[in-house]
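Everything below concerns the one structure shown next.
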Amino acid sequence: MRKKRYILKFPPQSGDKPLSYHLVRDYDIRINILKAEVRPGKTGSLVLELEGTKENLKLGIQYLEDNQVSCEPLDKKIHWKQERCINCGNCTAVCFTGALVMDPKNWELKFDPDKCIVCELCVPACPLNLFAIDFRE
Ligand code: SF4
Ligand code: SF4
């Protein structure tokens, strides 16, 4: 089993198709929705984490693309220069996934990469420029 993150963009007419149901039932893929922007009658986008066998993930992505859903792997990561952080908390105000939070025990910043969807909002929010996009896998 492997986990992989994708950005999905789907056309308005796909809204009435049970795409996620088929991913689960036909390809045994577990779905974790990390971010959703869905407006009725408009193009929508989702950031998903999919978990399944390598073969099933491939087949599931193919199924989505056959249904006019574009699937881009999310291979970017956020790199944080923790050693220079002054724990001002600015970045926590923009991180809506909860990947960046102040630890109530010592008021130091904590970063949870598993919650990060690489929205990049923290990059301009840090006065010391401590976040960078890492494009390596
Ligand atoms: S890119 Fe930054 S703001 Fe966005 S989810 Fe990741 S840590 Fe939070
Ligand atoms: S904004 Fe920058 S300096 Fe402030 S807590 Fe976040 S990473 Fe640290």
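Both ligands and their constituent atoms are indexed starting at 1 by order of listing. All residue numbers in this chain count up from 1 along the given sequence. As a basis for the values below, the full set of heavy atoms in this structure was taken, side chains included, without hydrogen atoms, waters or symmetry mates.
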Enumerated ligand 2 atoms positioned under 4.0 Å from heavy atoms of Ile86 = 3 (S)
query = Is atom CD of Glu120 surrounded by more than 12 heavy atoms (other residues, nucleotides or ligands) closer than 6.0 Å?
reply = yes
query = In terms of residue, atom name and distance, what is the protein heavy atom nearest to atom 2 (Fe) of ligand 2?
reply = Cys126 SG, 2.3 Å
task = Quickly, which of Cys95, Cys116, Cys122, Cys91 forms a side chain to side chain contact (heavy atoms under 4.5 Å, CB included) with Phe111? Name it, please.
result = Cys116
ask   = What protein heavy atom sits nearest atom 5 (S) of ligand 1, and how far away is it?
value = Thr97 OG1, 3.4 Å
ask   = Which atoms of ligand 2 have any heavy atom of Trp80 under 4.0 Å away?
value = 7 (S)
message = With heavy-atom distances below 4.0 Å as the criterion, list the atoms of ligand 2 near Asn90.
response = 1 (S)
inquiry  = Could you check whether any side-chain N or O of Asn67 sits under 3.5 Å from a backbone N or O of Val69, counting only pairs where one atom can act as donor and the other as acceptor?
reply    = no
ask   = Short list, please: which atoms of ligand 1 are under 4.0 Å from a heavy atom of Leu100?
value = 7 (S)
Donor-acceptor under 3.5 Å (Asp134 side chain, Lys77 main chain) = no
ask   = Considering only heavy atoms of Gly89, which atoms of ligand 2 have at least one such atom less than 4.0 Å away?
value = 4 (Fe), 5 (S)
request  = Please report the shortest heavy-atom distance between Ile61 and Cys71, naming the atom on each side.
outcome  = CG2-CB, 4.0 Å
task = Look only at the side chain of Asn90 and the backbone of Cys126, and say whether a donor-acceptor pair between them is shorter than 3.5 Å.
result = no
key: For Ala125 against Val94, the heavy-atom pair lying closest together   = CB-CG2, 3.8 Å
Atoms of ligand 2, numbered as shown, that sit under 4.0 Å from any heavy atom of Phe131 = 7 (S)
query = What are the atoms of ligand 1, with element, lying closer than 4.0 Å to any heavy atom of Ile78?
reply = 1 (S)
inquiry  = Which heavy atom of Leu50 sits nearest to which heavy atom of Tyr6, and what is that distance?
reply    = CD1-CD1, 3.8 Å
message = Can you tell me if Asp28 has over 12 outside heavy atoms packed within less than 6.0 Å of its CG?
response = no
request  = Determine the minimum heavy-atom distance between Trp107 and Asn87, stating which atoms define it.
outcome  = O-CB, 3.6 Å
key: Flag, side chain of Thr97 to backbone of Lys115, donor-acceptor distance under 3.5 Å   = yes
inquiry  = To check your reading of the model: name the closest protein heavy atom to atom 6 (Fe) of ligand 1, its residue, and the distance in Å.
reply    = Cys116 SG, 2.4 Å
request  = Number the atoms of ligand 2 from 1 as they appear, then name those within less than 4.0 Å of a heavy atom of Pro127, with their elements.
outcome  = 1 (S)
Numbered atoms of ligand 1 (with element) below 4.0 Å of Glu120, judged on heavy atoms = 1 (S), 4 (Fe)
ask   = Is it true that Cys122 lies under 4.0 Å from ligand 2, counting heavy atoms only?
value = no
query = Can you list the atoms of ligand 2 that are under 4.0 Å from a heavy atom of Leu109?
reply = 5 (S), 6 (Fe), 7 (S)
ask   = Any N/O/S atom, backbone or side chain, of Cys119 lying under 2.8 Å from atom 4 (Fe) of ligand 1?
value = yes
ask   = For ligand 1, which part of Val118 has a heavy atom less than 4.0 Å away: the side chain, the backbone, both, or neither?
value = backbone
query = Under 4.0 angstrom from ligand 1, any heavy atom of Phe111?
reply = yes
task = Using a 4.0 Å heavy-atom threshold (strictly under), name the region of Asn87 that reaches ligand 2: side chain, backbone, both or neither.
result = backbone
key: Proximal ligand 2 atoms for Cys91, defined as those under 4.0 Å from one of its heavy atoms   = 1 (S), 5 (S), 6 (Fe), 7 (S)
inquiry  = Starting from atom 4 (Fe) of ligand 2, what is the nearest protein heavy atom, named by residue and atom, and what distance separates them?
reply    = Cys88 SG, 2.3 Å
key: Ile33 CD1: over 12 foreign heavy atoms closer than 6.0 Å   = no
key: Lys4 vs Asp75 side-chain heavy atoms within contact, under 4.5 Å   = yes
key: Shortest protein contact, atom 8 (Fe) of ligand 1 (heavy atom only)   = Cys95 SG, 2.4 Å
